[in-house]
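In this chain, residues are counted from 1 in sequence order. Because only heavy atoms are used, hydrogens play no part in the values below, and waters and symmetry mates are left out as well, while side chains stay in.
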Amino acid sequence: MADTSTTAPAQPAEDELAPKGSGRVITREMTLMLVVPPALVAAVFGAFVWWRQTADLDSVEAQQLRWSELRRLGVEHVQLTVMAALIVVAVAVPLGVLLTRGRFRAAAPVVIGIANAGQAAPSVGLIVLLFLWLDGGFWTAIWALSLYGILPVLRNTIVGIQGVDPTLVEAGRGLGMTNLATLGKVELPLAVPVIMSGVRTALVLIAGTASLACFIDAGGLGEVLQTGITLFRFSLMVTGAVLIALIALLIEWLGRVLELATRPKGI
């Protein structure tokens, strides 16, 4: 007798969920990555708000931990981070692309070496050097943070483009694409995951280093931390450290979301 049984269609793995036609697989790990960090930030910040509302603070602590003051410093910290990150991307990505083209490739090791040397220097030393040269203020801190964060994006741009399969590039040229079209339609889309990983690393570096901007009168949440250390107020030290860590964690999460959103389908 012929076997009339039918085989049930294969079900997708439990940890892989892909919207129909999206071409992009969302794993359980990605879901946790997208959900856990903002939930953790919200929980810790909620605990801080509860502590701030119920803590018995002296006059100095109450003055420094006013909500209006924390909001102002938090906005300044985010402005420093975002502005420096935009400058880093605007400079490092085109420079990284240029260093993978033609005769400029020979200069790539030299530029990477200079960038490595710059990042190896202590961040506070770089900020102080620029302060001595340009005086203090917001833009001096921006240039210092930009110089400090440029290496990960520059290096990952070069590595990402150099890692593209040469046969794909040749196939594009075989279809009649110009060098510029091949770069825009083949090389850069395939290099995006590596480049965005560098951008995410730079964001975290900049967000943490921005706490030092207070030393040159550029604002940021480092002021709370500095005041706590100077006056030996434990509550101020913990507040500054926690809020800076939460901003860094949230920015790192936003970088992951952006990395996932810009990743080409099928990668």
I want to check something: taking the side chain as every heavy atom from C-beta on, are [X] and [Y] in contact at a cut-off of under 4.5 Å?
{"X": "T239", "Y": "W51", "result": "yes"}
{"X": "I127", "Y": "F215", "result": "no"}
{"X": "I87", "Y": "W143", "result": "yes"}
{"X": "L183", "Y": "R101", "result": "yes"}

Give the minimum heavy-atom separation between [X] and [Y], together with the two atoms involved.
{"X": "V93", "Y": "I195", "answer": "CG2-CG2, 4.2 Å"}
{"X": "A92", "Y": "I150", "answer": "CB-CG1, 3.7 Å"}
{"X": "A84", "Y": "I142", "answer": "N-CD1, 4.0 Å"}
{"X": "N156", "Y": "G198", "answer": "ND2-N, 3.1 Å"}
{"X": "A202", "Y": "G149", "answer": "CB-O, 3.4 Å"}
{"X": "F48", "Y": "L70", "answer": "CZ-CD1, 4.0 Å"}

I need the single residue from V111, T201, V194, I112 that forms a side-chain contact (heavy atoms from CB on, under 4.5 Å) with R155. Which is it?
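Result: among V111, T201, V194, I112, I112 is the only option passing the side-chain contact (heavy atoms from CB on, under 4.5 Å) with R155.
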I247: which of I251, L250, L243 passes side-chain contact (heavy atoms from CB on, under 4.5 Å)
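By the side-chain contact (heavy atoms from CB on, under 4.5 Å) criterion, I247 pairs with just one of I251, L250, L243: I251.
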Using side chain to side chain contact (heavy atoms under 4.5 Å, CB included) as the criterion, list what pairs up with A210, not counting sequence neighbours.
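In terms of side chain to side chain contact (heavy atoms under 4.5 Å, CB included), with neighbours along the sequence ignored, A210 is linked to H77, L80, T81, L145.
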Could you check M177 against V186 for side chain to side chain contact (heavy atoms under 4.5 Å, CB included), going step by step and ending with a plain yes or no?
CA-CA 10 Å; M177 290 184 182; V186 178; 4.3 Å; yes
[X] and [Y]: same hydrophobic cluster, using ILVMFWY side-chain contacts below 4.5 Å?
{"X": "L249", "Y": "V78", "answer": "yes"}
{"X": "F138", "Y": "I244", "answer": "yes"}
{"X": "L190", "Y": "V159", "answer": "no"}
{"X": "I158", "Y": "V164", "answer": "no"}
{"X": "L129", "Y": "L147", "answer": "no"}

Using only atom types and a distance under 3.5 Å, with no angle test, would you say the side chain of R105 pairs donor to acceptor with the backbone of T100?
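Yes, R105 side chain to T100 backbone: donor-acceptor pair under 3.5 Å.
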Could you measure the distance from the [atom1] atom of [X] to the [atom2] atom of [Y]? Nearest 0.5 Å is fine.
{"X": "E187", "Y": "I161", "atom1": "CD", "atom2": "CD1", "result": "6.0 Å"}
{"X": "F104", "Y": "L99", "atom1": "CZ", "atom2": "CG", "result": "8.5 Å"}
{"X": "L221", "Y": "Q226", "atom1": "CG", "atom2": "CD", "result": "12.5 Å"}
{"X": "S197", "Y": "R256", "atom1": "OG", "atom2": "CZ", "result": "8.5 Å"}
{"X": "T227", "Y": "L65", "atom1": "OG1", "atom2": "CG", "result": "9.5 Å"}
{"X": "Y148", "Y": "T209", "atom1": "OH", "atom2": "OG1", "result": "5.0 Å"}

Is it the case that over 12 heavy atoms from other parts of the model lie below 6.0 angstrom from the CE atom of M83?
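12 or below, so no.
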Contacts of W67 that satisfy side-chain hydrogen bond (donor to acceptor under 3.5 Å, both in side chains) - sequence neighbours left out:
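Expected list: Q53.
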Please test D165 against L168 for side chain to side chain contact (heavy atoms under 4.5 Å, CB included), starting from the C-alpha separation and ending with a verdict.
CA-CA 6 Å; D165 190 345; L168 297 176; 3.9 Å; yes
I need the full list of salt bridge (Lys or Arg N to Asp or Glu O under 4.0 Å) pairs touching residues 58-70, with sequence neighbours left out, sorted by first then second residue.
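Residue pairs with at least one partner in residues 58-70: D58-R233, R66-E69, E69-R72.
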